Each structure stands twice: as structure tokens, then as C-alpha cells.
Asks: 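Got a structure here, written out as C-alpha cells. Questions coming.
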Amino acid sequence: MRAIHIVTTRLSSSFIRPILLDFVSCSPLRQFSIPRRFICAATKANGGGRSGSIVAPLVVNEDFQKIDVNPPKGTRDFPPEDMRLRNWLFNHFKEVSRLFGYEEVDFPVLETEALFIRKAGEEIRDQLYCFEDRGNRRVALRPELTPSLARLVIQKGKSVSLPLKWFAVGQCWRYERMTRGRRREHYQWNMDIIGVPEVTAEAELISSIVTFFKRIGITASDVGFKVSSRKVLQELLKKYGVPEDLFGRVCIIIDKIEKIPIDEIKKELGFTGISEDAIEQLLQVLSVKSLDDLEADILGGAGEAIADLKQLFSLAEKFGYSEWIQFDASVVRGLAYYTGIVFEGFDRKGKLRAICGGGRYDRLLSTYGGDDIPACGFGFGDAVIVELLKEKDLLPELGQEVENIVCALDKDLQGAAATVATTLRDKGQSVDLVLESKPLKWVFKRAARVNARRLVLVGKAEWEDGSVSVKVLSSGEQFQVKLNDLE
Ligand code: HAM
């Protein structure tokens with residue numbers, strides 16, 4: 001055994017770490033593999049291994065070849081059957097976005113850490129996969145797409161004409177406690193409208209999610225949207241003279257109401273400096289489930305919050321999804337940047353966490369130094385919806401689909417079979433070419449497994465005549481056809 005021992009007491013030292021990482025990454029894979037227990041030991045030596053920090057192995061040893069074949073906790077492989085489901089889902093995301101006239105965008109999965117650090121004490125910040133890269137830059141795997149979108153809008157500046165209607169489907173990373181439908185990596189479908197201050201934008205966004213639900217067989221009796229406006233809280237805070245810059249922080253605390261005891265919530269709100277009276281009123285408003293009660297009892301007449309919500313409900317009727325939405329003042333959402341309407345999709349049986357969520361974020365751009373542009377959008381994860389489809393027995397059956405299996409009946413005809421395959425592929429037909437000599441029984445079995453439509457057999461006599469045999473598998477019909485006429 002040729003073991004390479006690198007002994008260091010503080011691997012997090014910025015001096016030794018890049019050297020170690022360079023050393024490991026430059027080594028040919030077969031020469032050095034990293035035993036898991038050494039990595040764990042090194043992680044412990046570095047203080048327990050904070051999420052996302054890069055920790056170099058203490059010892060690099062060439063004799064270990066075994067690796068854990070499972071992906072890291074909370075992440076997924078996508079073998080073909082899962083990939084088929086993912087593609088099916090994403091195609092619906094994309095098709096709905098297309099129906100609503102959106103353009104697709106994408107951003108890097110790795111961003112600067114600063115993009116995701118906001119002052120409000122959000123949960124998402126503690127869940128960040130962040131580390132220092134080899135150039136000593138603080139970077140993070142994106143936990144959401146909205147900050148990247150805001151960055152790109154600022155970067156594009158005046159070169160784009162508003163409003164923008166952009167959608168993206170991308171992987172996000174959050175070091176979450178794992179529960180049903182919540183993972184450490186997930187894909188999010190986002191649709192955002194930049195440059196429209198009217199509630200028409202939120203109303204159309206919800207309409208696109210409803211369109212998606214309907215396409216995949218989910219109805220208003222399975223799923224609903226809880227809708228509120230952060231302006232409700234804003235108006236209350238204003239009434240109590242609470243400074244505006246506390247708004248984001250207060251919303252984040254209130255969003256935790258179902259996760260931590262009410263006394264803790266009150267204590268945290270108290271730390272922000274707002275009065276006991278204001279805290280009591282804030283908590284009271286969260287239990288309101290009717291817009292009329294809110295208007296009459298709490299806000300004392302019409303204000304922006306009520307006007308926005310009323311307009312949204314009226315538009316919902318026009319778009320045709322009234323039965324899907326309800327007012328619920330307890331929806332605040334856990335991200336600091338929302339400023340107006342907020343909404344969340346939920347399953348009516350109450351078994352799952354939020355299916356999707358979004359809202360208006362008119363002031364996010366200025367927090368990055370840009371000019372504010374009114375904006376709103378939503379994020380829709382790929383995990384909870386699959387759980388819901390399973391519950392409802394609505395998961396589609398998706399087999400592999402290949403149009404043709406092409407097989408040479410003789411080893412000498414493998415070149416001819418390759419020519420047949422190319423001819424078909426040139427005409428846009430998919431072909432699974434049998435690459436070895438296999439008995440016909442095996443070929444039939446394979447054809448059934450890949451759901452092939454036709455079997456194209458290349459036999460000696462037919463090929464000498466420039467023809468092949470075709471068998472249509474659904475009907476059993478069989479015929480000979482000249483290669484040039486094969487469609
Ligand atoms: P969010 O509520 O944090 O909002 O996430 C949106 C959706 O992403 C959730 O409703 C859920 O479907 C999915 N999701 C979030 N975290 C996880 C996880 N750990 N595992 C599985 N699925 C998850 C946002 O991210 C906002 N940026 C959305 C937005 C876009 N607002 C305006 N534009």
C-alpha cells in the first residue's frame with residue numbers, strides 16, 4: 001500500500017486548503033480515492049462540518065476503491081424512469097409558460113454568496129450551501145432563482161423593454177430538514193413579470209398555475225390558493241408608528257407562527273422594538289379569513305391592501321378560477337422581499353407542505369443597487385407535486401418510446417443494418433439498433449420493453465434485393481419494402 005499522509009491540525013486554514021484540494025483534484029482518479037471515514041474524521045476535526053464548507057481529506061489513500069453508491073443525503077439520481085417523469089413535468093411547466101407568452105431564461109447554479117444574504121434573518125440564509133472557491137471568493141449554490149433574476153434584470157438595464165415575462169426551470173439547493181416533499185436539492189419552475197405594478201400581473205400568474213394543475217388532472221377540490229397582501233401588515237405597522245425598515249424582519253418572524261410557540265413569536269417581535277399593542281393586533285389580524293372582516297374590523301375602511309385584494313378576487317372570476325382561491329391573512333411567506341400580494345398553493349387534505357408560492361416584490365432590485373421596477377412571480381417545486389400526484393393516483397405511466405428496432409439476421413449484415421438505421425434516423429425516425437448477434441426471441445422481448453412500433457429485420461435474401469422486412473408490432477402486419485421507400 002502506498003499511502004500518502006498529509007497531516008495538518010487546522011485544515012480550514014486558508015493556506016493549506018487550496019494546496020490540498022489542488023493536490024487531490026489533480027490526481028488521476030484511479031490513483032487516489034478518498035476513504036469516507038477519513039473525510040468524516042477531517043470534517044469533525046474542522047468543527048463538525050458546517051453545511052457546504054469544503055473540507056479536504058486528511059489522508060489520501062490509493063488502495064480504496066469502494067464508494068457509497070447513494071447520492072448525498074437529500075439529493076437524487078434520475079435513472080431513466082425518473083427522468084421520464086421529470087421531463088413530463090418540465091414539459092408541462094414549459095408548455096404552460098409558452099401558452100402565456102413567456103420567454104425562458106437561466107442563471108448559474110453557483111452565485112456569489114452576497115446575492116442571497118439579506119438582513120431579515122430568513123431561514124433560507126441558514127440553509128445556504130456556501131463556501132470559498134479557490135480564488136477566495138465567497139460563493140453559494142442558489143437556494144432560489146429570484147435573486148439571480150433580479151441581478152440579470154439590473155445587468156440588462158435599459159436594453160430590455162418592459163414588461164418582461166420570463167420563466168425558468170432550475171435546480172435549487174437548500175440545507176433543509178428532510179420532510180415529505182422537502183429535499184436538499186429541488187427543481188423550481190418560476191414565472192415572473194417585471195415592470196407591471198397592477199394586480200393584473202398576480203392574477204395572471206395564478207391563472208398560469210391553475211392552467212398547469214388542470215393539464216395534469218388536479219382540480220379545485222384537490223388544491224387551493226391562500227392569498228393575502230403584505231400591505232395588510234404594513235398598514236397595521238404604520239398605524240402603530242413602526243419604522244418601515246422593520247417590515248421585512250417582522251414578516252419573517254410572523255411567517256414562523258406555525259413552527260414555533262406563540263410566546264417565542266411575541267418575544268422575537270418584542271426584540272424588534274414594536275409595542276405590545278401592535279404585537280397583539282398583528283397576531284389578531286392573522287386569524288382573519290374574510291376580506292369583509294378585515295376591511296370592517298381591522299383596517300377600518302378601504303386602503304391599498306383591501307383594494308388590491310378585491311381587484312384580485314374580481315379578476316379571478318374573469319380568468320375563471322374563483323373556486324381555487326381564498327383570502328387568508330396568515331399567509332405572509334418566509335422571504336423578506338415581498339411587498340404586496342402573496343399567495344401559496346396548498347393541498348386541501350392538508351397532508352403536504354406548500355406546493356408553490358409567490359408574490360409581489362417591488363423593492364428587491366434596489367436592495368442590489370438597481371432602480372426599483374415593480375415585479376412579481378412564483379416558484380413551483382418539482383417534489384411536492386409528485387407526492388400529490390401519487391396520492392391522487394394521477395402519476396402518468398411513461399414507458400420508453402422508440403419507433404423502430406433494427407436488427408441484422410446475420411452477423412455479416414450488421415453493416416447493412418447500420419445503413420438501414422441511418423436511413424430511418426435521417427428521416428426523423430428513432431431507432432434502437434441491435435448491436436450484437438441476438439436470437440429473434442431476444443429482439444422481440446426488447447421491442448416490447450422499449451415499446452417499439454416496428455421491427456425492421458435485415459435478412460440476406462431481402463438485402464440482396466435492396467429490401468428489408470418490416471413487422472408492425474401492434475397489428476402483426478408484416479411486409480417487405482425497398483430501403484429507399486422505408487418511411
Ligand atoms: P419558496 O416558497 O421558498 O419561494 O419556494 C417556492 C416553492 O419551491 C415551494 O412552494 C416548493 O414547491 C419549492 N421548494 C422550496 N424549497 C424546497 C425544498 N427544500 N424541497 C423541495 N421543494 C422546495 C421562492 O423560492 C421564491 N423565490 C419564489 C418566487 C419567484 N417568488 C417570486 N418569484
Side-chain angles (χ1 to χ4, degrees), residues 51 73-76 86 89 93 97 102 105 107 111 115-116 118 120 122-129 141-153 164-194 196 201-202 204-206 208-209 212-213 218 223-227 230 251-252 255-256 259 331-347 352-365 367 373-389:
S51 70
K73 187 172 176 196
T75 70
R76 296 164 289 179
R86 179 172 129 183
L89 196 64
F93 289 159
S97 307
Y102 282 58
V105 289
F107 325 99
E111 288 273 16
L115 195 64
F116 305 112
R118 294 180 285 260
E122 298 161 312
E123 196 180 24
I124 206 167
R125 179 181 173 167
D126 301 329
Q127 297 171 336
L128 211 54
Y129 277 89
L141 297 178
R142 62 183 180 198
E144 54 162 338
L145 304 177
T146 314
S148 304
L149 178 135
R151 179 179 59 65
L152 185 57
V153 171
L164 301 172
K165 290 186 176 184
W166 282 357
F167 84 94
V169 181
Q171 196 179 32
C172 300
W173 292 82
R174 298 183 189 184
Y175 196 85
E176 280 242 29
R177 201 170 59 80
M178 302 266 294
T179 54
R180 192 172 173 205
R182 282 289 182 277
R183 332 188 44 84
R184 296 203 171 149
E185 91 8 76
H186 69 282
Y187 284 84
Q188 241 187 54
W189 167 41
N190 278 221
M191 286 177 80
D192 290 88
I193 301 176
I194 316 292
V196 178
E202 287 96 318
E204 202 198 33
L205 284 167
I206 297 176
S208 50
I209 310 177
F212 167 79
F213 280 137
I218 299 282
V223 159
F225 293 89
K226 291 180 184 166
V227 180
R230 279 205 177 170
C251 290
I252 297 305
D255 183 63
K256 293 190 239 168
K259 297 179 201 149
V331 176
V332 179
R333 308 230 343 108
L335 296 161
Y337 49 68
Y338 292 114
T339 50
I341 298 277
V342 276
F343 54 88
E344 260 173 18
F346 67 100
D347 75 298
L352 303 166
R353 289 186 54 178
I355 304 170
C356 57
R360 176 163 290 279
Y361 53 97
D362 284 350
R363 289 198 284 278
L364 180 61
L365 268 62
T367 64
I373 304 176
C376 57
F378 68 81
F380 190 119
D382 66 336
V384 183
I385 188 63
V386 168
E387 292 301 318
L388 185 67
L389 289 170

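Whatever order the structure lists them in is the order used to number ligands and atoms, beginning at 1. Throughout, residue positions are numbered sequentially from 1 according to the sequence presented. Computed from a predicted structure; not experimentally measured.
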Asks: Nearest protein heavy-atom contact for atom 5 (O) of ligand 1: which residue, which atom, what distance?
Replies: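 Answer for atom 5 (O) of ligand 1: Gln188 NE2, 3.4 Å.
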
Asks: I need the single residue from Lys259, Arg182, Arg118 that forms a salt bridge (Lys or Arg N to Asp or Glu O under 4.0 Å) with Glu123. Which is it?
Replies: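 Answer to the salt bridge (Lys or Arg N to Asp or Glu O under 4.0 Å) test with Glu123 among Lys259, Arg182, Arg118: Lys259.
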
Asks: Could you tell me whether Tyr338 approaches ligand 1 through its side chain, its backbone, both or neither, with non-hydrogen atoms closer than 4.0 Å?
Replies: side chain

Asks: In the protein, which heavy atom is nearest to atom 7 (C) of ligand 1, and how far is it?
Replies: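 Its nearest protein heavy-atom neighbour is Gly379 O, 3.5 Å.
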
Asks: Applying a heavy-atom cut-off of 4.0 Å, say which part of Tyr361 lies close to ligand 1: side chain, backbone, both or neither.
Replies: side chain

Asks: Considering all heavy atoms of both residues, which atom of Asn190 and which atom of Gln188 are nearest to each other, and what is their separation?
Replies: ND2-OE1, 2.8 Å

Asks: Measuring from the heavy atoms of Arg333, does anything fall under 4.0 Å of ligand 1?
Replies: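 Distance cut 4.0 Å: Arg333 passes for ligand 1.
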
Asks: Taking all non-hydrogen atoms of both residues into account, name the closest pair between Gly334 and Asp255 and its distance.
Replies: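 For Gly334 versus Asp255, the nearest heavy atoms are CA-OD2, 3.2 Å.
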
Asks: Quick one: list whatever passes side-chain hydrogen bond (donor to acceptor under 3.5 Å, both in side chains) with Lys165, sequence neighbours left out.
Replies: Glu204

Asks: Can Arg333 and Glu144 be counted as an ion pair, charged N to O under 4.0 angstrom?
Replies: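 Salt bridge: no.
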
Asks: If you count the atoms of ligand 1 from 1 in the order shown, which ones are under 4.0 Å from a heavy atom of Asp192?
Replies: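 Those qualifying, in numeric order: 30 (C), 32 (C), 33 (N).
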
Asks: Only heavy atoms of Arg183, strictly under 4.0 Å: list the atoms of ligand 1 that pass.
Replies: 18 (C), 19 (N), 20 (N), 21 (C)

Asks: Taking atom NZ of Lys73 as the centre, does the number of heavy atoms from other residues, nucleotides or ligands within less than 6.0 Å exceed 12?
Replies: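 Atom NZ in Lys73 is not crowded, with 12 or fewer foreign heavy atoms closer than 6.0 Å.
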
Asks: Evaluate the side-chain proximity of Ile209 to Ile355: yes if any heavy-atom separation is below 4.5 Å, no if none is.
Replies: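 No, every pair of side-chain atoms sits at 4.5 Å or beyond.
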
Asks: What residue and heavy atom of the protein are closest to atom 16 (N) of ligand 1, and at what distance?
Replies: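 So the nearest neighbour among protein heavy atoms is Arg174 NH1, 3.2 Å.
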
Asks: Which of the numbered atoms in ligand 1 are under 4.0 angstrom from any heavy atom belonging to Cys356?
Replies: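 Answer, ordered by atom number: 10 (O).
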
Asks: So, applying salt bridge (Lys or Arg N to Asp or Glu O under 4.0 Å) with Asp382, which one of Arg86, Arg76, Arg183 is it?
Replies: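 The salt bridge (Lys or Arg N to Asp or Glu O under 4.0 Å) with Asp382 is passed solely by Arg76 among Arg86, Arg76, Arg183.
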
Asks: Specify side chain, backbone, both or neither for Phe343, according to which of its non-hydrogen atoms lie closer than 4.0 Å to ligand 1.
Replies: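 It is neither part, as no heavy atom is under 4.0 Å.
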
Asks: Is Tyr337 in contact with ligand 1, taking contact as a heavy-atom separation below 4.0 Å?
Replies: yes

Asks: Evaluate Val227 against Ile341 for side chain to side chain contact (heavy atoms under 4.5 Å, CB included), listing each step before the verdict.
Replies: CA-CA 7 Å; Val227 180; Ile341 298 277; 4.1 Å; yes

Asks: Can you spot which of Tyr102, Trp166, Phe378 makes a ring pair (Phe, Tyr, Trp, His ring centres under 6.0 Å) with Trp189?
Replies: Phe378

Asks: Under a 4.0 Å heavy-atom limit, does Asp382 contact ligand 1 with its side chain, its backbone, both, or neither?
Replies: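 Asp382 to ligand 1: no contact under 4.0 Å from either part.
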
Asks: Taking the side chain as C-beta and beyond, is there a heavy-atom pair between Pro147 and Glu111 under 4.5 Å?
Replies: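 No. Closest side-chain heavy atoms not under 4.5 Å.
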
Asks: Check ligand 1 against Thr146 and write out every atom of the ligand that is under 4.0 Å from a heavy-atom position of the residue.
Replies: 26 (C), 27 (N), 29 (C), 30 (C), 31 (N), 32 (C), 33 (N)

Asks: Do any heavy atoms of Asn190 fall under 4.0 Å from ligand 1?
Replies: yes

Asks: For ligand 1, indicate whether the residue Leu149 contacts it via side chain, backbone, both or neither (heavy-atom separation under 4.0 Å).
Replies: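 Neither; nothing of Leu149 gets under 4.0 Å from ligand 1.
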
Asks: Is Gly381 close to ligand 1, meaning an N/O of one under 3.5 Å from an N/O of the other?
Replies: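 Yes; the residue has a nitrogen or oxygen that sits under 3.5 Å from a nitrogen or oxygen of the ligand.
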
Asks: Heavy-atom distances under 4.0 Å are what count here, so tell me which part of Arg182 touches ligand 1: side chain, backbone, both or neither.
Replies: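 It is both parts that get close, each with some atom under 4.0 Å.
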
Asks: So, for Ala336 and Glu122, which heavy atoms are closest and what is the spacing to 0.1 Å?
Replies: N-OE2, 2.5 Å

Asks: Atom 24 (C) of ligand 1: which protein heavy atom is closest, and how many Å away?
Replies: Leu335 CD1, 3.5 Å

Asks: Which ligand 1 atoms are under 4.0 Å away from a heavy-atom of Gly357?
Replies: 10 (O), 28 (C)

Asks: If you take the centroid of each ring, where Trp contributes its six-membered ring, are Phe212 and Phe380 closer together than 6.0 Å?
Replies: yes

Asks: Tell me the protein heavy atom at minimum distance from atom 14 (N) of ligand 1, and give that distance in Å.
Replies: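 For atom 14 (N) of ligand 1, the nearest protein heavy atom comes out as His186 NE2, 3.3 Å.
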
Asks: Using a plain distance cutoff, I'd like to know if Ile355 has any nitrogen or oxygen under 3.5 Å from a nitrogen or oxygen of ligand 1.
Replies: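 By distance alone, the answer is yes.
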
Asks: Number the atoms of ligand 1 from 1 as they appear, then name those within less than 4.0 Å of a heavy atom of Gly181, with their elements.
Replies: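 Those qualifying, in numeric order: 20 (N), 21 (C), 22 (N).
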
